[in-house]
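Because only heavy atoms are used, hydrogens play no part in the values below, and waters and symmetry mates are left out as well, while side chains stay in.
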Amino acid sequence: MVSMSKEKMLQYLKDYANIQNILMSNPSISIGRVFENYMIRSGRFEDNSKEYYDRMRRVYIAYNIFKNFSIVEDFLLNREDFLSNNDLEGMEEGCNIINAPSGLTNKKIIQIIRNAFNHNDSPDFDKFKISENGKNFEIELRDIRTKKEIEKGITAQLVKIKFDFEYLLKVFRMVISKRQNQLFLSFDIPDDFNIFSSDLDTELDKIKFIHYYFTRKMPRETIERFNAFINTSGLTNEELLSRSDEMHAFAKTISEPVVYSLDKFQKRKLKDLIVRYKTNYRDLLDDDVNAIMYYFLAKVIPIAAMKQKDIEQQVILCGSYFENPSLSIREVINHIAIVLNGDAKPSSYNDMDSELHDLLSIRGYSYSRDFFKNMLDGEFIQVFPVITYIDAVIMHYCYDDKIQIAGRVYDKEKIRNSFAHGRWYVTQDQKIIMFDADPRNINDYNLKFIGRIDIGLFEKWADDYLEMAQAQTRNSR
């Protein structure tokens, strides 16, 4: 496989982030027009092509699918064992195993894919590679021995595999469907919570973050019960609340929840969101207070699972809506609004428009409602792609033990851990608060503060680091 360089991968992610930033400021201009103008202003006439546009999109889509895959694997297999190899029969089909030790299991392949993606910061060789066209992937680990195997004197075990985009999606779906545990996070919003109060600090103190820790493998019937609860397609708001109560009651028969309060930084972000919506989107606040608060609260909980919906919707936006470069942000919002309003598909829709309409309809009202809110939000459109780019520089390109941003020195490995495990959130003043924690699921909210870093300065650090590394490479030739 002819692979793209790490620098090229980072350039695609950087370009996409820059284009999304411009789009948010120009919601009526098509992404294709913004892309063309961006390349012309940058003097990159050779990159002003549909081929480059599609490769850029593929890289951004792939990176986010690998992130979502990592979140699921992290919960099921990182220090836990909530997946059985016996349930993964046929998973190897579609994967080209070039080199591997005898007895390599499908479960081990899943771990290898995640580890290569999340620990690709070796200066010696690339553990994770993307093909030049962005459609295929190569994973290579020079030694997959456990600590015990090393102590026993077992020789180094090399693994090298190749697979395409469809295989990655296949494994992702299989892992989710064959899981033997359920992550259940929720919020307790009391009936007397008043979103229109002049004393929001007091009101937000009433809200609690609810985390159920299920520490054992679950039988298939328990998983199916949770699956039934999660399927909320077609339910009204009243029915959603009733379903939530039923799910909590069932979860409590397995384990009592752990309850957390919000800290001052989380409340500060929530107050900013509430005030912003009062000013700009008052009708959405009036619609359903619980629904809007769940949407807001998910933005301030530094647990990876709280980011899964946003990651998935990034993939839908980039991979499906923006497959058509003539679409603008405003037109995407209108497409989602048609689903929300329960309107019939317009006769002008092409096949992709129709498929997306059906997809959102199947996902249910609450999913489309959150997607609609995301499309109005600069954090989703502008900030998320920037963080994806910074994430990639840290995970795949930075070889230093320490990094310095605005005069402060940070432990690179702790920053990497924060990105790898999704232990971060964005503040109201465009800073990223980052945490580290024990990787075991039962300790996932025992957070250790790493730093509160201005995202603009973090992005500048990433740009400068990339430029410096490229200059050093040129000078060493």
For [Y], is there an ion pair with [X] - N to carboxylate O distance below 4.0 angstrom?
X	Y	answer
Glu413	Arg416	yes
Lys206	Glu203	yes
Arg276	Asp272	yes
Asp464	Lys460	yes
Lys170	Glu166	no
Asp358	Lys345	yes
Arg44	Asp15	yes
Lys402	Asp400	no
Lys412	Asp121	yes
Lys50	Asp54	yes
Asp429	Arg452	yes

Distance-only side-chain donor-acceptor flag, [X] / [Y], under 3.5 Å:
X	Y	answer
Arg423	Ser418	no
Thr202	Asp199	yes
Asp444	His211	yes
Asn68	Gln308	yes

Check whether any side-chain heavy atom of [X] lies under 4.5 Å from a side-chain heavy atom of [Y], and answer yes or no.
X	Y	result
Gln266	Leu297	no
Ile455	Lys431	no
Val315	Ile65	yes
Thr427	Arg268	no
His119	Arg114	yes

Checklist entry - What residue among Lys307, Lys299, Lys269 forms salt bridge (charged side-chain N to carboxylate O under 4.0 Å, His left out) with Glu379? => result Lys269
Item to check | Verdict with reasoning, Asn374 to Asp310, per side-chain hydrogen bond (donor to acceptor under 3.5 Å, both in side chains) | outcome: CA-CA 8 Å; Asn374 271 339; Asp310 284 356; 3.0 Å; yes
Item to check | Residue that, paired with Tyr63, satisfies ring-ring contact (aromatic ring centres under 6.0 Å, His included) out of Phe117, Phe137, Phe384 | outcome: Phe117
Next on the checklist: Would the distance check show the side chain of Asn441 and the main-chain N or O of Phe75 forming a donor-acceptor pair, the cut-off being under 3.5 Å?
Outcome noted: yes
Item to check | Centroid-centroid distance, Phe265 to Tyr425, less than 6.0 Å | outcome: no
Next on the checklist: Using ring centroids (six-membered ring only for Trp), state whether Phe214 and Phe184 fall under 6.0 Å.
Outcome noted: no
Checklist entry - Between Met293 and Leu204, is a side chain to side chain contact (heavy atoms under 4.5 Å, CB included) present by the stated rule, with each step listed? => result CA-CA 10 Å; Met293 285 308 301; Leu204 291 171; 4.0 Å; yes
Checklist entry - Taking everything shown except Leu241 itself, do over 12 heavy atoms lie less than 6.0 Å from its CG? => result yes
Checklist entry - Is the number of heavy atoms from other residues, nucleotides or ligands under 6.0 Å of Arg408 CZ greater than 12? => result no
Item to check | Considering all heavy atoms, the nearest Lys208-Ser261 contact | outcome: NZ-OG, 2.9 Å
Is [X] close enough and on-axis enough to [Y], meaning under 6.0 Å and within 45°, for cation-pi?
X	Y	value
Arg57	Phe322	no
Lys135	Phe165	no
Lys8	Tyr12	yes

Over 60° means perpendicular and under 30° means parallel, so tell me whether [X] and [Y] are parallel, tilted or perpendicular.
X	Y	result
His248	Tyr212	tilted
Phe435	Phe449	perpendicular
Phe250	Phe229	tilted
Phe209	Phe187	tilted

Checklist entry - Checking side-chain hydrogen bond (donor to acceptor under 3.5 Å, both in side chains) for the pair Asn21/Gln382: CA distance, chi angles, key distance, verdict? => result CA-CA 5 Å; Asn21 184 54; Gln382 295 171 293; 2.8 Å; yes
Checklist entry - Can you list the steps and then say if Tyr367 with Glu312 is a side-chain hydrogen bond (donor to acceptor under 3.5 Å, both in side chains)? => result CA-CA 11 Å; Tyr367 187 88; Glu312 187 177 79; 2.5 Å; yes
Item to check | Derivation and outcome, side-chain hydrogen bond (donor to acceptor under 3.5 Å, both in side chains), residues Asp353 and Tyr321 | outcome: CA-CA 8 Å; Asp353 295 333; Tyr321 282 113; over 6 Å; no
